[in-house]
Amino acid sequence: MLKIGLLLLIAPCLLLMGGYMYEQSLVSDCLDAGGSFNYELLACDQHNNHPFMPYMARHPLFVNGGMLLSVIGLFFCIIGLYKGR
């Protein structure tokens with residue numbers, strides 16, 4: 001149970017960070033090129049300005065699901081450590 005808990009605790013966080021950092025690198029490259037990033041299409045637009053949309057607003061199921069899995073993993077870790085004694 002401890003191994004499953006650790007996997008559920010760590011894997012969603014790594015996936016969320018990876019997705020966020022990948023998108024941030026796209027935004028940074030676009031802004032460095034003088035454009036405006038279209039968050040809905042995940043594309044750089046050189047002609048129009050687009051408002052900022054938080055990652056949570058665009059991917060609520062991914063973020064909330066990942067955090068829920070992490071909390072479940074935390075409980076599995078606690079149970080696994082408690083039963084191990």
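These numbers were taken from a predicted model, which means no experiment stands behind them.
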Could you state the interatomic distance from [atom1] ([X]) to [atom2] ([Y]), rounded to the nearest 0.5 Å?
X	Y	atom1	atom2	value
L69	L74	CG	CG	12.5 Å
F75	M1	CZ	CE	13.5 Å
L7	I4	CG	CD1	8.0 Å
M21	L14	CE	CG	12.0 Å

When you group the ILVMFWY residues by side-chain heavy-atom contacts below 4.5 Å and let the links chain together, are [Y] and [X] in the same group?
X	Y	value
M67	Y20	yes
F52	L42	yes
V63	V71	no
L6	L15	no
L68	F62	no

Tell me whether the count of non-hydrogen atoms from other residues, nucleotides or ligands lying under 6.0 Å of OH in Y22 goes above 12.
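It does not: Y22 OH has 12 such atoms or fewer within range.
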
Within a 6.0 Å radius of atom CD on E40, are there more than 12 heavy atoms belonging to other residues, nucleotides or ligands?
no

Which pairs, with at least one residue in residues 54-69 and sequence neighbours excluded, count as a side chain to side chain donor-acceptor pair (under 3.5 Å)?
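Pairs touching residues 54-69 that pass the test: E23-R58.
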
Does the side chain of F76 reach to within under 4.5 Å of the side chain of L9, using non-hydrogen atoms?
no

State, with a plain yes or no, whether a side-chain heavy atom of L8 is found less than 4.5 Å away from one of S70.
no

Partners of C44 by disulfide bond (SG atoms under 2.5 Å apart), sequence neighbours excluded?
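Partners of C44 under the disulfide bond (SG atoms under 2.5 Å apart) test: C30.
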
Under the side chain to side chain contact (heavy atoms under 4.5 Å, CB included) test, residues paired with D32 that sit two or more places apart:
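Side chain to side chain contact (heavy atoms under 4.5 Å, CB included) check on D32 returns S28.
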
May I ask you to decide if D45's main-chain N or O and S36's side chain share a donor-acceptor pair within less than 3.5 Å?
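Answer holds: no.
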
Where L16 and G66 come nearest, the two heavy atoms and their spacing
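Heavy atoms of L16 and G66 come nearest at CD1-CA, 4.4 Å.
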
